[in-house]
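Note sheet for the following structure.
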Protein chains: 2
Amino acid sequence: MTQGSTGNPAPGGLEEAQRPARGQARTRILDAARALIREKGYSAMTVDDLCARAGVTKGAFFHHFRSKEDLGVAAAQDWAQMTGALFEQAPYHAPEDPLERVLAYIRFRRDLVAGPIPEFTCVVGTMAQEIHGSIPAIRDACRDSIFAHAETLEADIRAAIDKYGIRAPFDAKSLALHTQAVIQGGFILAKAGQDPALAVQSVDHLECYFKLLFADSAGVQPAGVPA
Amino acid sequence: MTQGSTGNPAPGGLEEAQRPARGQARTRILDAARALIREKGYSAMTVDDLCARAGVTKGAFFHHFRSKEDLGVAAAQDWAQMTGALFEQAPYHAPEDPLERVLAYIRFRRDLVAGPIPEFTCVVGTMAQEIHGSIPAIRDACRDSIFAHAETLEADIRAAIDKYGIRAPFDAKSLALHTQAVIQGGFILAKAGQDPALAVQSVDHLECYFKLLFADSAGVQPAGVPA
DNA sequence: TTTTGCATACCAACTGGTTGGTATGTTGTC
DNA sequence: GACAACATACCAACCAGTTGGTATGCAAAA
């Protein structure tokens, strides 16, 4: 028993002191899910894990979510909303030139990626990789999150192509999706090698790719260091 | 009971007819592991799944592997050996020009990727993504597999840089790892969107990137369709 | 203003089935 | 007959999900 000198330890349950305020359970569970999916993946994360981390009981969990699968879908949607808000208010939209906006986006992502692994890793990418073949509902929610984010980039890329042309026969959609692929792939290398720098490197290559694609036509350095 | 008119159904175990030959259990378990990890990931794959798919009993499983974690490590090492052999005898080593070999490698991978999802997907990439934070032994085995494969590319890339120079300040190692990142990221998009073409597209972008990096100096088309 | 009725938000204990793993047999091979 | 390669039977812990209940808020009736 690691119980302290508290009066009534409520055997098996939560201590009064650490019990969160009413009305926060759903949010706390979703926060816990984000952390746990990044730490151990969807399948290895148990409902008990979730409840312990969130500081709620199983009753609360199944009050807010019909099943673990339902939580998975909600976590993906929650992630889509969170990242949607983050990128919407991010500073990379400022430049007037569309190509500059795209390059600013890539640099913004590189800065995000430079942090510790559990904090920059993509929740929906991790989940999709794991459950794509076994839980269609979660997979589709992850797909929506990834592809919706890619679409927010597409407009800027299209504008850049319209303005400057492009040195290869790719369209904006394909390039936007490739951007996401590179970032997701960087995560995998970073996780396997336990080094965020591996992800950063790939994002640097991505920036270089864009510069080369638009070189000569736009005013960007054709081959400089991605800085 | 769905048992037919067989004489002795061997209650709880395997029927005589489908019992594989002695001495094949380990191989069959590793084959089953490859398939199951791709289908549902490492965590969701149970030892019973493994045994059922391999057509062996739990006794056989724990005779060959001390634990499920041990099997995970073995699966990663088995994957490294399988892919090692596959790429070693692949035709992309033929060209005399190192840059041509690199481009041939990329095209070879694109062709691999064009098949159905459960057949081209990377076992160690999937596993690493999932268990990187929870099972270090498996994560390290996955890392070894990925990085060893990247190293087989590195020599050709280095030779290409030495021969032609490169339009950006990247070294061979970084480029080789980026290659793996793009392919791994393509897998994630393909899984999320349920469309192998998504992975193919990213590999096409990768080929284009290499062509642009070496354009003007080597004899490759600077911006042509990756064909 | 109080009370009644009802919905929401949550909790502790429990359940049936599953899980990784073990203990102990049996069979084929050198 | 010794040893490897299996098979069978079993277990304790754990799993997602359920049950029956309590605390709280809110709106309408009294």
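A note on names: the letters A, B, ... follow the listed sequences, proteins ahead of strands, and every chain is numbered from 1.
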Hey, can you pull the residues of residues 34-47 of chain B with a non-hydrogen atom under 4.0 angstrom from DNA chain C? B:M45, B:T46, B:V47
Quickly work out the B:D70 CG to C:dG20 P distance and round it to whole Å. 14 Å
Considering only heavy atoms from C-beta outward, does the side chain of A:T179 approach that of A:R109 to under 4.5 Å? no
Short side-chain N/O contact to C:dA9 OP1/OP2 from A:H64, under 4.0 Å: no
Side-chain N or O of B:H63 versus OP1/OP2 of D:dC6: is the shortest distance under 4.0 Å? no
Under the ring-ring contact (aromatic ring centres under 6.0 Å, His included) test, which residues partner A:F65, sequence neighbours left out? A:F61
Any chance you could lay out the salt bridge (charged side-chain N to carboxylate O under 4.0 Å, His left out) test for A:R28 and A:D31, step after step, and finish with the verdict? CA-CA 5 Å; A:R28 290 178 63 95; A:D31 290 349; over 6 Å; no
Between B:Y105 and B:Y92, how do the two ring planes meet: parallel, tilted or perpendicular, split at 30° and 60°? perpendicular
Rounded to whole Å, please give me the gap between CZ in B:R28 and P in D:dC6. 11 Å
Quick one: B:D49 CG to C:dG20 P, roughly how many Å, whole number? 8 Å
Atom CZ of A:F62 and atom P of C:dA13: how far apart are they, to the nearest Å? 18 Å
Distance in angstrom units between A:F61 CZ and D:dT18 P, rounded: 11 Å
Donor-acceptor side-chain pairing of A:S43 and A:E130 below 3.5 angstrom: yes
Taking the six-membered ring of B:Y42 (Phe, Tyr or Trp), confirm whether the NZ or CZ of B:K68 is under 6.0 Å from its centre and within 45° of its axis. yes
With a 3.5 Å cut-off and heavy atoms only, can you find an N or O donor on one side and an acceptor on the other between the side chain of A:K58 and the base of D:dA16? yes
Euclidean distance, atom CD of residue B:Q24 to atom P of D:dA7 [Å, nearest integer]: 12 Å
Partners passing salt bridge (Lys or Arg N to Asp or Glu O under 4.0 Å) against B:D111 (at least two apart in sequence or in another chain): none
D:dA13 C1' sits how many Å from A:D48 CG, rounded? 12 Å
Distance in angstrom units between A:L50 CG and C:dC10 P, rounded: 15 Å
